[in-house]
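The figures here come from the full heavy-atom set of this structure, side chains too, leaving out hydrogens, waters and symmetry mates. Computed from a predicted structure; not experimentally measured. Throughout, protein chains are lettered first and strands after them, A, B, ... in sequence-line order, and every chain is numbered starting at 1.
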There are 2 protein chains.
Amino acid sequence: MAEVLNERSQNILDAIVKDYIISAEPVGSRAISRKHNFNLSPASVRNVMADLEEMGLLCSPHTSSGRIPTGKGFKYYIDTLLEVRDLKPEEKEQLSHSYRFQNMRMEDIMQEVGRVLSGLSQYTGLVMAPKFISTVFRQIEFIRLSHGRVLMIYVSETGLVQNKVIEADSSLTTRDLEQIGNYLNEELNGLSIQEVRNKLKRELQEDRVHYDRLKKQALNLSCSALQDEVEDQLYVAGASLMLGQPEFATPEQMQRLIETFESKKQLLELLDRSQSAQGVQIFIGSESSHVDLEGCSLITSTFSNQKGAIGTLGVIGPVRMNYSQVVPIVDFTAQLVSRVLDRELE
Amino acid sequence: MAEVLNERSQNILDAIVKDYIISAEPVGSRAISRKHNFNLSPASVRNVMADLEEMGLLCSPHTSSGRIPTGKGFKYYIDTLLEVRDLKPEEKEQLSHSYRFQNMRMEDIMQEVGRVLSGLSQYTGLVMAPKFISTVFRQIEFIRLSHGRVLMIYVSETGLVQNKVIEADSSLTTRDLEQIGNYLNEELNGLSIQEVRNKLKRELQEDRVHYDRLKKQALNLSCSALQDEVEDQLYVAGASLMLGQPEFATPEQMQRLIETFESKKQLLELLDRSQSAQGVQIFIGSESSHVDLEGCSLITSTFSNQKGAIGTLGVIGPVRMNYSQVVPIVDFTAQLVSRVLDRELE
DNA sequence: GTTAGCACTCTATATCGACGAGTGCTAATT
DNA sequence: AATTAGCACTCGTCGATATAGAGTGCTAAC
């Protein structure tokens, strides 16, 4: 699959991609031959470029213009040529100070991370909060609303608060709900949601449950409270920065981009995918199949605490993104957030 | 201040505004004279238009183009000429069915309202959730995090959940926090936040408090929990629809608009202002002083339940908005939401 | 008071040519 | 055999120019 290029071709591809990342404009043979001292004439460079074009790594917008890298070209660059340097200690130090996490709710932390990611990269920051199902049970409360509707408030180990309205037997009193809460808090403390579900299922099947009305109701209630997925929380920051990029300069492209950001569905799908793997991942718009993010690239990394609450954060920018700068930022930020989440556990 | 126009001038202004609302293009004398049967020649219409221009109600983009209404012209139209018809019962019925509020958390309701407002109007929907301070106390919980940090979860009468991290004496145990919660829930139930604050202040000043360590800590804790303002919650839906409007067709305008929507600060300021008055209010971009929403108009109304939790919702669109269509939608939606909030109280 | 007529203004659109950047090919060079 | 200089060719950009059309303001006639 991955074609092998000789060194000269690699160097030239590298140079073209780097130039294009800066200028956003087609790169000509003359510029390459002059700026980088390969000691090659433009004509020789042109020959190589023609080869690269044939391989599908470059293309030219029209007959007589320079070349721009294709999606495949960028992929090759990222996989083979990109050198991601580690941040220096002082850079890490500085980066840590960009984030102010003191006395913040989970929501605020997620939002702040998005904002800072966007600010540092000058692209759009994305954060997906840890999924409900990946969290560890800490506390649950039930509050009676009207007509047999109950407000459930769930708090995870890390202080993630989620709430949900559920239907319940309208005969349940405030007192009942309190007892149910106490019972569950004692029973379920420290279990992962997955374990909680298993435990609940097991207990519901035991026969003797049917003799204890309250216990049965407790189990039913917590089942509907914890069974269904709670909607994913996605934070998007700095969407307007994307509009400054030349690749989205036309009104139609802008509108499409903002629509995509607004609906969040496609973004969630992408972030979901990256959650399966570890470390930094890069998606290139054109290759990412049915997702309609043409011209965009996504750099993501997952964060998690020791108990396994997993979230994803990243930066979305034009394919022509400054990967060597953004990748370490995303990487280190993910580590930073993981550490902060662990700090929440006393 | 408000100038008085004779009937003919009014009719012509009315016609120009209505035409402009539809076409978004300068309106010429010929079009007015033909489409509306005033039995006036274009020349006569031109004379009137010249007068209206002198009064500052119209302007022409350049020497030889039709006229467009100025901000002042729109204001006159809204104040004097706009006829807002009430919705017919079947329209109300239909509108009610657009909203699906079943088993929704407060957050979801707010979001849904924004979405539907945007969908119905084809402009951008805004909803500001009831402010923390305007709510009525229902329940409070404290959860111990690390290093003397405590997660406070507050639930209002209407099921609005807000949480916040506060610093606290690190010697407080989980048991203490539970007792403090119980104590507060008993003492404060049913009071408005304002009353709660007063009560807390009063009790803190009583001398004998100092002999009861736990009570003192309870008061201190709830003071810092309930004293400061919690961040306002603003929901923006359908921002991309604004980008389809011809007044925001250039990339620069698009970017500015999205920036304004993204920062939310200016929008909050505007919505705040409208919260002081009752009923539907209309702000016109150019007049709304220092807020940078040129070319935009805002139609708002407040909603509230019987216990006074007040929020604001509305639609933001180009000044050239279809007021006669959108105003009743905003108005009725606010009533609808108020009713839904009251339903939450059993 | 109203309107027909007309000169005038300004925008939008299309057309044209010059310019420049860049290519691909070929033949000469190393 | 690889490299490169030279050259014809292509194509997009920019500015100038012309044209059509919409709309106005003014004046004189109704």
- Message: Applying side chain to side chain contact (heavy atoms under 4.5 Å, CB included), can you list everything that pairs with A:Ser263, at least two apart in sequence or on another chain?
- Response: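 With neighbours one apart ignored, the set is A:Lys265.
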- Item | Listed partners of B:Thr312 passing side chain to side chain contact (heavy atoms under 4.5 Å, CB included), at least two apart |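 Applying side chain to side chain contact (heavy atoms under 4.5 Å, CB included) to B:Thr312 gives B:Met128, B:Leu271, B:Ser274, B:Gln275, B:Thr300, B:Thr302.
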For residues 12-24 of chain A, dump all side-chain donor-acceptor pairs below 3.5 Å to protein atoms at least two apart in sequence or in another chain.
| unit_1 | atom_1 | unit_2 | atom_2 | d |
| --- | --- | --- | --- | --- |
| A:Asp14 | OD2 | A:Lys18 | NZ | 2.9 |
| A:Asp19 | OD2 | A:Lys35 | NZ | 3.1 |
| A:Ser23 | OG | A:Asp19 | O | 3.2 |
| A:Ser23 | OG | A:Glu25 | N | 3.1 |
| A:Ser23 | OG | A:Glu25 | O | 3.4 |

- Where along residues 40-53 of chain A does a heavy atom fall under 4.0 Å from DNA chain C?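 Contacting residues: A:Arg46, A:Met49.
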- Item | Positions of residues 59-68 of chain B (non-hydrogen atom under 4.0 Å from DNA chain C), listed by number |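 Per residue number, the list reads B:His62, B:Thr63, B:Ser64.
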- Task: Only pairs at least two apart or in different chains count here, so list each ring-ring contact (aromatic ring centres under 6.0 Å, His included) that has a residue in residues 38-65 of chain A.
- Result: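 Every ring-ring contact (aromatic ring centres under 6.0 Å, His included) pair that includes a residue of residues 38-65 of chain A, provided the two are not neighbours, is A:His36-A:Phe38.
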Partners meeting salt bridge (charged side-chain N to carboxylate O under 4.0 Å, His left out) with [X] (sequence neighbours left out):
X: A:Glu247; value: A:Arg320
X: A:Asp86; value: none
X: B:Arg256; value: B:Asp292

- Task: Would you mind listing every salt bridge (charged side-chain N to carboxylate O under 4.0 Å, His left out) that reaches into residues 44-71 of chain A, with sequence neighbours excluded?
- Result: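 Found A:Glu53-A:Arg67.
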Using the 3.5 Å cut-off, write out each protein N or O paired with an N or O of nucleotides 12-15 of chain C and the distance between them.
none

- Between the axis at one end of the helix from C:dG1-D:dC30 to C:dT30-D:dA1 and the axis at the other (five pairs apiece), what's the angle to 10 degrees?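 Overall, the helix from C:dG1-D:dC30 to C:dT30-D:dA1 bends by 20° from one end axis to the other.
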